[in-house]
Participant: 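Okay, here's the structure, questions in a sec.
Fair warning: this is a prediction, and the values are worked out from it, not measured in the lab.
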Amino acid sequence: MDIQEVKPPHMFKYFNRPVTIHKHYTFTCDNRIFFSDTAFKDLKNHRYSFNLEIQSHVGDLGLATDFHLIDKIYNDYISVKLNNCLINQTLPDMNTTAENIAYWIFEQFNKHLPAEDVLQSVTLYETEKQGVSVTK
């Protein structure tokens with residue numbers, strides 16, 4: 001079979017239901033987490049990871065929101081405040097716990113995704129075995 005013989009389909013859109021897009025990101029940062037006004041823990045070169053779930057409608061070409069658009073949102077608005085940063089200085093004035101970081105990430109994606117997409121959840125892992133989720 002010759003790939004040159006493959007023609008476009010008669011119908012690009014095979015079904016008419018939303019799909020859930022899954023994306024995974026990692027970032028490394030420095031972070032001071034406060035447990036009181038005087039007690040804190042410093043994390044140096046701490047690696048976090050997070051997963052996104054985005055509900056997206058399949059368009060006429062049989063495609064949901066492009067992964068590259070989601071990557072662009074991450075690179076333009078989120079990574080620049082997290083990756084290789086002291087996040088106490090780059091994020092809003094808050095205790096930079098996993099819970100608060102996850103919510104901030106949720107807010108940023110929610111603000112920049114196409115209006116027809118619905119951010120279902122952000123799950124932030126502070127280690128391989130523990131994390132928190134923010135849902136819609």
Side-chain angles (χ1 to χ4, degrees):
M1 175 183 227
D2 183 7
I3 193 75
Q4 301 300 325
E5 295 174 18
V6 176
K7 305 254 187 267
H10 295 290
M11 180 176 58
F12 285 88
K13 187 174 184 175
Y14 185 68
F15 65 98
N16 193 25
R17 296 184 61 190
V19 296
T20 301
I21 296 170
H22 298 267
K23 286 290 290 179
H24 180 82
Y25 296 97
T26 61
F27 62 94
T28 303
C29 65
D30 294 340
N31 185 10
R32 176 172 281 182
I33 301 170
F34 289 88
F35 300 99
S36 71
D37 287 341
T38 57
F40 59 86
K41 181 176 182 180
D42 287 337
L43 302 175
K44 297 281 190 182
N45 291 318
H46 188 73
R47 184 179 170 154
Y48 292 90
S49 65
F50 68 93
N51 296 319
L52 298 175
E53 290 186 356
I54 302 165
Q55 187 179 50
S56 184
H57 291 281
V58 175
D60 292 339
L61 293 176
L63 298 167
T65 295
D66 194 293
F67 292 121
H68 292 100
L69 173 64
I70 299 166
D71 288 341
K72 182 167 177 35
I73 292 169
Y74 176 69
N75 291 328
D76 290 353
Y77 301 104
I78 298 165
S79 176
V80 295
K81 303 267 186 174
L82 297 176
N83 205 31
N84 300 314
C85 295
L86 172 56
I87 62 173
N88 306 85
Q89 294 176 341
T90 56
L91 295 183
D93 185 25
M94 65 171 151
N95 193 12
T96 50
T97 61
E99 295 84 351
N100 288 336
I101 297 167
Y103 190 79
W104 180 84
I105 293 169
F106 189 96
E107 284 182 316
Q108 298 310 302
F109 272 105
N110 211 30
K111 187 185 317 181
H112 297 287
L113 282 170
E116 62 274 7
D117 287 350
V118 177
L119 181 57
Q120 298 290 315
S121 70
V122 171
T123 302
L124 177 71
Y125 295 91
E126 59 183 12
T127 71
E128 287 183 14
K129 296 184 180 184
Q130 64 193 31
V132 298
S133 291
V134 175
T135 60
K136 72 172 187 122

Participant: Is it the case that more than 12 heavy atoms not belonging to Asp42 sit under 6.0 Å from its CG atom?
Facilitator: yes
Participant: Would you indicate whether Lys23, at its atom NZ, is surrounded by more than 12 heavy atoms from other residues, nucleotides or ligands within a distance under 6.0 Å?
Facilitator: yes
Participant: Once you measure the plane-to-plane angle for Tyr48 and His46, does it fall in the parallel (<30°), tilted (30-60°) or perpendicular (>60°) bin?
Facilitator: perpendicular
Participant: For Gln130, look at atom CD and say whether over 12 heavy atoms of other residues, nucleotides or ligands are found less than 6.0 Å away.
Facilitator: yes
Participant: What residue among Asp71, Asn51, Asn75 forms side-chain hydrogen bond (donor to acceptor under 3.5 Å, both in side chains) with Tyr25?
Facilitator: Asp71
Participant: Is the closest side-chain heavy-atom distance between Phe12 and Asp60 below 4.5 Å?
Facilitator: no
Participant: Looking at Tyr74 versus Phe27, is the centre-to-centre ring distance below 6.0 Å?
Facilitator: no
Participant: Could you check if a side-chain atom of Asn31 sits within less than 4.5 angstrom of a side-chain atom of Asn88, using non-hydrogen atoms only?
Facilitator: yes
Participant: CD1/Ile101 to OG1/Thr96 distance, rounded to the nearest 0.5 angstrom?
Facilitator: 5.5 Å
Participant: Is the shortest heavy-atom distance from the side chain of Ile78 to the side chain of Trp104 under 4.5 Å?
Facilitator: yes
Participant: Can you give me the closest heavy-atom contact between Ala64 and Val19, atom names plus distance?
Facilitator: CB-CG2, 3.7 Å
Participant: Using the test salt bridge (Lys or Arg N to Asp or Glu O under 4.0 Å), find all partners of Asp30 that sit at least two apart in sequence or belong to another chain.
Facilitator: none
Participant: Which distance, rounded to the nearest 0.5 Å, do you find between the CG of Leu113 and the CG of Leu119?
Facilitator: 6.0 Å
Participant: Step through the shown structure and confirm whether more than 12 heavy atoms of other residues, nucleotides or ligands are within 6.0 Å of CZ on Phe35.
Facilitator: yes
Participant: Just by distance, with hydrogens left out, do Thr65 and Asp117 show a side-chain donor and acceptor under 3.5 Å apart?
Facilitator: yes
Participant: What distance do Gln55 atom CD and Gln120 atom CD have between them, rounded to the nearest 0.5 Å?
Facilitator: 5.0 Å
Participant: Between Val58 and Phe15, what is the shortest heavy-atom contact and its length?
Facilitator: CG2-CZ, 3.7 Å
Participant: Using side-chain heavy atoms (C-beta onward) and a distance below 4.5 Å, is Lys111 in contact with Tyr77?
Facilitator: no
Participant: Enter the distance from Met94:CE to Phe34:CZ here, rounded to the nearest 0.5 Å.
Facilitator: 13.0 Å
Participant: Could you walk me through whether Glu53 and His22 satisfy the side-chain contact (heavy atoms from CB on, under 4.5 Å) test, starting with their C-alpha distance in whole Å, then the side-chain angles of each, then the deciding distance to 0.1 Å, before giving a yes or no?
Facilitator: CA-CA 5 Å; Glu53 290 186 356; His22 298 267; 3.4 Å; yes
Participant: Considering only heavy atoms from C-beta outward, does the side chain of Leu82 approach that of Leu91 to under 4.5 Å?
Facilitator: yes
Participant: Begin from the C-alpha positions of Asn100 and Asn95 and carry the test side-chain contact (heavy atoms from CB on, under 4.5 Å) through to its verdict.
Facilitator: CA-CA 7 Å; Asn100 288 336; Asn95 193 12; 4.2 Å; yes
Participant: Could you see if Ile21 belongs to whatever hydrophobic cluster contains Leu63? Use Ile, Leu, Val, Met, Phe, Trp, Tyr and a side-chain cutoff under 4.5 Å.
Facilitator: no
Participant: Might you confirm whether atom NZ of Lys13 has over 12 heavy atoms from other residues, nucleotides or ligands at distances under 6.0 Å?
Facilitator: yes
Participant: Can you check whether Ile70 reaches Leu52 side chain to side chain, under 4.5 Å on heavy atoms?
Facilitator: yes
Participant: Kindly give the heavy-atom pair with the smallest separation between Lys136 and Val118, and that separation in Å.
Facilitator: CD-CG1, 3.5 Å
Participant: Around Asp93, counting heavy atoms of other residues, nucleotides and ligands shown, do more than 12 lie under 6.0 Å from its CG?
Facilitator: no
Participant: Could you tell me if the side chain of Tyr125 sits less than 4.5 Å from the side chain of Thr123, heavy atoms only?
Facilitator: yes
Participant: Asn83 side chain to Thr28 main-chain N or O, any donor-acceptor pair under 3.5 Å?
Facilitator: yes
Participant: Are the side chains of Ser49 and His24 in contact, using a 4.5 Å heavy-atom criterion?
Facilitator: yes
Participant: What is the distance from atom CG of Leu43 to atom SG of Cys29, rounded to the nearest 0.5 Å?
Facilitator: 7.5 Å
Participant: Taking all heavy atoms of Asp76 and all of Val80, pick out the closest pair and write down the distance.
Facilitator: O-CG2, 3.7 Å
Participant: For His68, is the NE2 atom crowded, meaning more than 12 foreign heavy atoms sit under 6.0 Å from it?
Facilitator: no
Participant: Can you tell me how far apart OG (Ser79) and CD1 (Ile105) are? Round to the nearest 0.5 Å.
Facilitator: 10.0 Å
Participant: Is it the case that the side chain of Thr90 and the backbone of Lys81 share a donor-acceptor pair, with hydrogens and angles ignored and the cut-off at 3.5 Å?
Facilitator: yes
